[in-house]
Structures are given as structure tokens and as C-alpha cells.
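Step one of this worksheet: look at the structure below.
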Amino acid sequence: MTSQRTRERLVERLAERGIRNREVLQAMRTTPRHLFLDEAMAHRAYEDTALPIGYQQTLSQPYVVARMTELLLAGGPLGRVLEIGSGSGYQTAILAQLVDNVFAVERIKPLLDASRRRLRTLRLRNVRFRHADGSLGWPELAPFDGILGAAAPAEVPADLLAQLAPGGRLVLPVGTQTQHLHVITRTDDGFSTEVVEAVRFVPLRPGTQR
């Protein structure tokens with residue numbers, strides 16, 4: 001179930017569902033998703049479904065990872081990307097292959113530590129991690145060309161908007177009972193928002209957890 005052939009079938013399904021960015025599809029093809037799961041769940045790694053990673057968190061559905069990444073990159077190449085809620089590190093690994101630098105924030109310390117080990121194993125060295133409240137972003141390193149969030153706030157955090165560079169994109173699920181994927185672009189006049197599609201994510205929680 002962890003073979004290259006199994007990964008190819010997943011990529012074919014993503015293309016059938018409308019993912020068009022070839023670089024995104026290639027990153028999904030070559031990234032070993034099973035490494036981001038406990039051994040007991042590894043046999044399900046290449047199903048197009050979200051899977052549990054402990055601490056009431058999930059490894060996002062591959063389609064959603066690919067879709068959010070594609071939307072983030074739709075404005076062109078990105079230098080500095082902030083990731084909110086890095087979780088297992090899978091989305092982080094995809095981003096690290098497609099942008100210059102990733103700055104990943106995770107509130108749950110054991111997940112962050114495991115992510116750092118996994119990316120070191122994969123020799124992805126353009127990522128910096130921070131154990132912090134994701135809703136606050138990483139103000140000391142702002143502005144960012146792109147921000148991607150993997151947990152849903154009830155409303156878009158003002159701190160994240162403030163940390164977007166001019167022309168930068170924020171891709172984020174927003175909502176409580178019903179969630180929708182938002183793409184927010186910083187313009188000369190403020191911000192423009194596109195609501196893309198319904199999604200389901202864990203909520204964006206405040207504070208940190210050790």
C-alpha cells in the first residue's frame with residue numbers, strides 16, 4: 001500500500017477531481033504520505049481521505065492539500081510562506097518542495113517535534129518551525145508572500161491579514177458548523193476574498209499544548 005504504483009493511483013484521482021498544477025501533482029506523487037502516519041494507519045495513506053494523527057487532529061485529505069496548495073500558488077512563484085497548523089508535517093513537506101521558504105507554526109509540541117524529524121529525514125531544509133498559537137501568525141518574520149491555514153477559525157484572524165505582503169495570498173478554511181475555503185488577496189485597496197468550496201477542518205484553537 002505504500003508503493004509508487006499506489007501513489008500514482010492517488011495522483012490520477014486528484015487529476016480527475018480537477019487538480020491541474022503539474023508541480024503540485026508531482027510533489028504529491030513523490031512525497032511518502034505513509035511516513036506522516038502511525039504504523040497502524042500507514043496502509044490507508046494513499047486513500048483520498050483525512051486520517052487521525054492523535055491529539056484530536058487529522059492528516060488532511062490529499063485532495064484538500066493539493067487544492068489549497070494549487071490555490072496558494074495560483075498567483076505565481078512564492079518566496080516566503082507561513083503555514084498555520086502544520087500538524088503531521090505533510091502539508092509542510094508539499095509546500096517545501098514548491099516555495100523558497102516555509103515558516104510552520106504548530107500549537108501542539110509533540111506534533112511539531114515529529115514533523116521536524118520527518119522533514120529532516122526527507123532532507124527538506126527550507127522549513128523553520130515554531131511552537132506557538134497559530135492565530136497570531138509569526139509577526140517577527142512578516143510579511144509573507146503566502147499564508148496557508150490547516151485549521152478553521154470562526155472568522156479570519158486580523159493578525160494573519162496584517163502579515164500578508166502586498167499581492168500576497170491567504171488560503172484558509174473559515175467557519176464553525178459550516179466551513180468554506182477562502183482565498184484572500186492583499187490588494188492596493190485592502191483585501192479581496194474568493195469563497196471557493198465547502199471543506200471540513202478541525203477548529204483553530206488558541207494557546208499552545210505541550
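In this chain, numbering begins with 1 at the start of the sequence shown.
- Sparse packing is recorded around CD of E23, with 12 or fewer heavy atoms of other residues, nucleotides or ligands lying under 6.0 Å away.
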Exercise for review: Tell me, with the steps shown, if R169 and D145 meet salt bridge (Lys or Arg N to Asp or Glu O under 4.0 Å).
Suggested key: CA-CA 7 Å; R169 287 184 161 226; D145 304 309; over 6 Å; no
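- In this structure, the side chain of D38 does not engage the main chain of M41 through any donor-acceptor pair within 3.5 Å.
- L35 contributes atom CG, which lies 11.0 Å from atom OH of Y90 (distance to the nearest 0.5 angstrom).
- In this structure, F191 and L170 have side chains that are not in contact, with every pair of non-hydrogen atoms separated by 4.5 Å or more.
- Put simply, the residue from Q179, R67, H180 that forms a side chain to side chain donor-acceptor pair (under 3.5 Å) with E197 is R67.
- In summary, the side chains of T92 and E83 do present a donor paired with an acceptor at a separation below 3.5 Å, with no hydrogens or angles considered.
- Here the side chain of S115 pairs a donor or acceptor atom with the backbone of S88 at under 3.5 angstrom.
- Between the side chains of Q97 and T31, at least one donor N or O sits under 3.5 Å from an acceptor N or O.
- Note: L95 CG to S86 OG = 10.5 Å, rounded to the nearest 0.5 Å.
- A chain of hydrophobic side-chain contacts below 4.5 Å, direct or via other Ile, Leu, Val, Met, Phe, Trp or Tyr residues, connects L141 to I84.
- For the atom pair R200 CZ and L181 CG, the distance stands at 14.5 Å (nearest 0.5 Å).
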Exercise for review: Carefully, step by step, assess R117 and D113 under the rule salt bridge (Lys or Arg N to Asp or Glu O under 4.0 Å).
Suggested key: CA-CA 6 Å; R117 289 193 298 270; D113 291 341; 5.4 Å; no
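- Not one N or O on the side chain of E106 forms a donor-acceptor pair closer than 3.5 Å with the backbone of L112.
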**Study point:** Residues D189, T187; criterion side chain to side chain donor-acceptor pair (under 3.5 Å); working and verdict
**Key:** CA-CA 5 Å; D189 302 320; T187 67; 5.0 Å; no
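- The one candidate from V127, L72, D100 that meets the side chain to side chain contact (heavy atoms under 4.5 Å, CB included) condition with V81 is L72.
- Between Q91 and T69, the side chains place a donor N or O and an acceptor N or O closer than 3.5 Å (distance only, hydrogens not considered).
- Between R5 and E8 there is no salt bridge, since no side-chain N of the basic residue sits under 4.0 Å from a carboxylate O of the acidic one.
- With hydrogens and angles disregarded, no donor-acceptor distance shorter than 3.5 Å links the side chain of Q61 to the backbone of Y63.
- For P153 against L172, the heavy-atom pair with the smallest separation is CG-CD2, 3.8 Å.
- By the 30° and 60° cut-offs, the orientation of the rings of F103 relative to W138 is perpendicular.
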**Study point:** Test log, rule side-chain contact (heavy atoms from CB on, under 4.5 Å), inputs L148 and L82
**Key:** CA-CA 6 Å; L148 185 147; L82 175 67; over 6 Å; no
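- Proximity of a side-chain donor or acceptor of N101 to a complementary backbone N or O of R80 within less than 3.5 Å is not detected.
- Here the CG-CG distance, from L119 to L124, works out to 5.0 Å after rounding to the nearest 0.5 Å.
- Remark: the backbone N or O of G134 is not paired with any side-chain donor or acceptor of D159 at under 3.5 angstrom.
- Side-chain heavy atoms closer than 4.5 Å link hydrophobic residues (I, L, V, M, F, W, Y) into clusters, and following such links, even through other members, never connects F201 to V174.
- Between A96 and N126, the shortest heavy-atom contact is O-ND2, 2.9 Å.
- Applying the 6.0 Å contact sphere to CZ of R205 captures no more than 12 heavy atoms from other residues, nucleotides or ligands.
- A single hydrophobic cluster is seen to contain both V171 and V102, as judged by linkage of ILVMFWY side chains at heavy-atom distances under 4.5 Å, directly or through other members.
- At a threshold of 4.5 Å between non-hydrogen side-chain atoms, the residues P32 and R7 count as touching.
- Salt bridge annotation for E140-R130: present, with a cationic side-chain nitrogen under 4.0 angstrom from a carboxylate oxygen.
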Exercise for review: Evaluate the criterion side-chain contact (heavy atoms from CB on, under 4.5 Å) for residue pair T193 and V183; output intermediate values, then yes/no.
Suggested key: CA-CA 6 Å; T193 301; V183 180; over 6 Å; no
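- Contact of the F36 side chain with the I53 side chain is not registered, since no non-hydrogen atoms from C-beta on lie closer than 4.5 Å.
- Side-chain contact check for P110 versus R210: every heavy-atom pair is 4.5 Å or farther apart.
- Summarising the geometry of P157 relative to L204, their closest heavy-atom pair is CG-CD2, 4.2 Å, with the distance given to 0.1 Å.
- Looking at every heavy atom in both residues, V156 comes nearest to I184 through CG2-CD1, 3.7 Å.
- In the hydrophobic clustering of this structure, L136 does not group with F144; members are Ile, Leu, Val, Met, Phe, Trp, Tyr whose side-chain heavy atoms approach within less than 4.5 Å, directly or through other members.
- One distance of note links CD of E70 with CG of N21; it measures 5.5 Å at 0.5 Å rounding.
- Judged by distance alone, with hydrogens and angles left aside, the side-chain atoms of R186 form a donor-acceptor pair with the main-chain N or O of L164 at under 3.5 Å.
- Linking Ile, Leu, Val, Met, Phe, Trp and Tyr whenever their side-chain heavy atoms come within less than 4.5 Å puts V24 and L59 in one cluster.
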Practice item. Check the pair R9, E12 against salt bridge (Lys or Arg N to Asp or Glu O under 4.0 Å), reporting the backbone distance first and the verdict last. Key: CA-CA 5 Å; R9 285 200 294 269; E12 288 171 7; over 6 Å; no
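- Under the 3.5 Å distance criterion, the side-chain polar atoms of R33 are matched with a main-chain donor or acceptor of A45.
- Counting heavy atoms from C-beta on, the side chains of L98 and L73 come closer than 4.5 Å.
- Considering every non-hydrogen atom in both P139 and Q163, the closest pair reads N-OE1, 3.5 Å.
- Judged purely by atom type and a 3.5 angstrom limit, R29 has no side-chain atom pairing as donor or acceptor with the backbone of V11.
- The shortest non-hydrogen separation linking R107 to H131 is O-NE2, 2.9 Å.
- For the atom pair CD1 (I108) and CD (Q56), the distance works out to 8.5 Å, reported to the nearest 0.5 Å.
- Using a 4.5 Å heavy-atom threshold, the side chains of R120 and R118 count as separate.
- Judged by distance alone, with hydrogens and angles left aside, the side-chain atoms of Q57 form no donor-acceptor pair with the main-chain N or O of P52 at under 3.5 Å.
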